[in-house]
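Sequential numbering from 1 along the given sequence is applied to the chain's residues.
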Amino acid sequence: MSTNEDTKSSPAVAAPPSSVDVENNNASSGLGSITRRWRRDDLLKRGSLVLRAVALLFSLLAFIIMASNQHGDWKNFSRYEEYRYVLAIAILSTLYTGGQALRHVHELSTAKPFFEQKKSALLDFFGDQIMAYLLISAASAAVPLTNRMRENVDNIFTDSSATAISMEFFAFFALGLSALISGYKLSTQSYI
């Protein structure tokens, strides 16, 4: 009888600690997953804001550098269609990224969305995609002209043009990464 009593008491003693541990682990992992999701969402919002601010900075630099690239005679950006295109896209990109950055700052500071979540995610994704395409298009259109000019003469005009084009490439990379984040946020959004 003593062996029978020992086997009955052993499982009874071992069972409660394991069931308590399971309940504690479930409760802590549920709370942990919620806090991890909040942290991830906050990191995505702040990361998107930082990338848009970087794109704003590079777009603004491209705009300023190309607009001030007027050195007389053939060294005027307005004489070349490719450089006018670079300037126009730099202006559009500056306006878009500035507006998006202000919207994100407003949403983070007030904790209220500017638009409803679905519309905001769509605007972010498609706006970033379109603007990134326009930036790479303008930059790649101006590169061959600048390279041809630099073969003949290397001066402040061609250096300024190359700098403005480089700023547009950097703005493209920042908006491309922002588009990846926007796509991730759009894909994980609940449509219920």
Side-chain angles (χ1 to χ4, degrees), residues 43-109 113-115 118-187:
L43 180 65
L44 288 174
K45 287 178 185 177
R46 291 181 191 277
S48 182
L49 174 62
V50 167
L51 285 171
R52 287 206 173 95
V54 167
L56 172 63
L57 173 71
F58 287 132
S59 297
L60 186 62
L61 284 173
F63 164 56
I64 291 170
I65 292 167
M66 189 55 78
S68 65
N69 198 8
Q70 299 181 16
H71 303 284
D73 195 24
W74 66 272
K75 296 185 263 181
N76 249 344
F77 84 91
S78 59
R79 291 188 56 158
Y80 304 98
E81 186 176 329
E82 295 88 344
Y83 293 155
R84 290 194 308 257
Y85 183 43
V86 166
L87 179 67
I89 298 306
I91 291 170
L92 285 176
S93 178
T94 301
L95 293 174
Y96 170 76
T97 54
Q100 286 285 63
L102 287 175
R103 182 179 65 87
H104 278 284
V105 167
H106 175 268
E107 288 178 357
L108 287 173
S109 64
F114 202 73
F115 299 115
K118 185 178 180 181
K119 288 181 183 177
S120 178
L122 287 170
L123 174 70
D124 288 349
F125 180 68
F126 288 115
D128 289 351
Q129 291 278 327
I130 291 169
M131 196 52 58
Y133 170 75
L134 288 173
L135 283 166
I136 197 70
S137 170
S140 61
V143 166
L145 174 65
T146 306
N147 283 342
R148 277 194 311 272
M149 284 183 178
R150 288 184 86 126
E151 287 175 359
N152 297 328
V153 64
D154 192 14
N155 56 27
I156 192 166
F157 178 72
T158 56
D159 289 344
S160 296
S161 299
T163 304
I165 293 167
S166 298
M167 294 300 113
E168 284 210 351
F169 274 120
F170 291 142
F172 160 75
F173 288 125
L175 272 180
L177 289 173
S178 179
L180 287 174
I181 291 174
S182 300
Y184 174 76
K185 288 195 294 189
L186 187 64
S187 70

Which heavy atom in [X] sits nearest to a heavy atom in [Y], and how many Å separate them?
X: Ser161; Y: Met66; answer: CA-CE, 4.2 Å
X: Thr146; Y: Thr158; answer: CG2-O, 4.0 Å
X: Ala141; Y: Tyr85; answer: CB-CD2, 4.2 Å

Can you check whether [X] reaches [Y] side chain to side chain, under 4.5 Å on heavy atoms?
X: Leu134; Y: Ile130; answer: yes
X: Ser120; Y: Arg103; answer: yes
X: Thr97; Y: Phe58; answer: no
X: Leu123; Y: Gln100; answer: yes

Exercise. Looking at CE of Met149 and CG of Asn155, how far apart are the two atoms once the value is rounded to the nearest 0.5 Å?
Worked result: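 Between Met149 CE and Asn155 CG, I get 9.0 Å after rounding to 0.5 Å.
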
For this session: Enter the distance from Leu135:CG to Met167:CE here, rounded to the nearest 0.5 Å.
Result: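 If we round to the nearest 0.5 Å, Leu135:CG and Met167:CE are 12.5 Å apart.
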
Does atom [atom1] ([X]) have a neighbourhood of more than 12 heavy atoms from anything else shown, all under 6.0 Å?
X: Lys185; atom1: NZ; result: yes
X: Tyr80; atom1: OH; result: yes
X: Phe169; atom1: CZ; result: yes

For this session: Examine distances only and state if a side-chain atom of Ser137 and a backbone atom of Tyr133 form a donor-acceptor pair shorter than 3.5 Å.
Result: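 Flag not set: sc Ser137 to bb Tyr133 has no pair under 3.5 Å.
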
Problem set entry | Flag, side chain of Ser178 to backbone of Ala174, donor-acceptor distance under 3.5 Å |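 Side chain of Ser178 to backbone of Ala174: no pair is present.
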
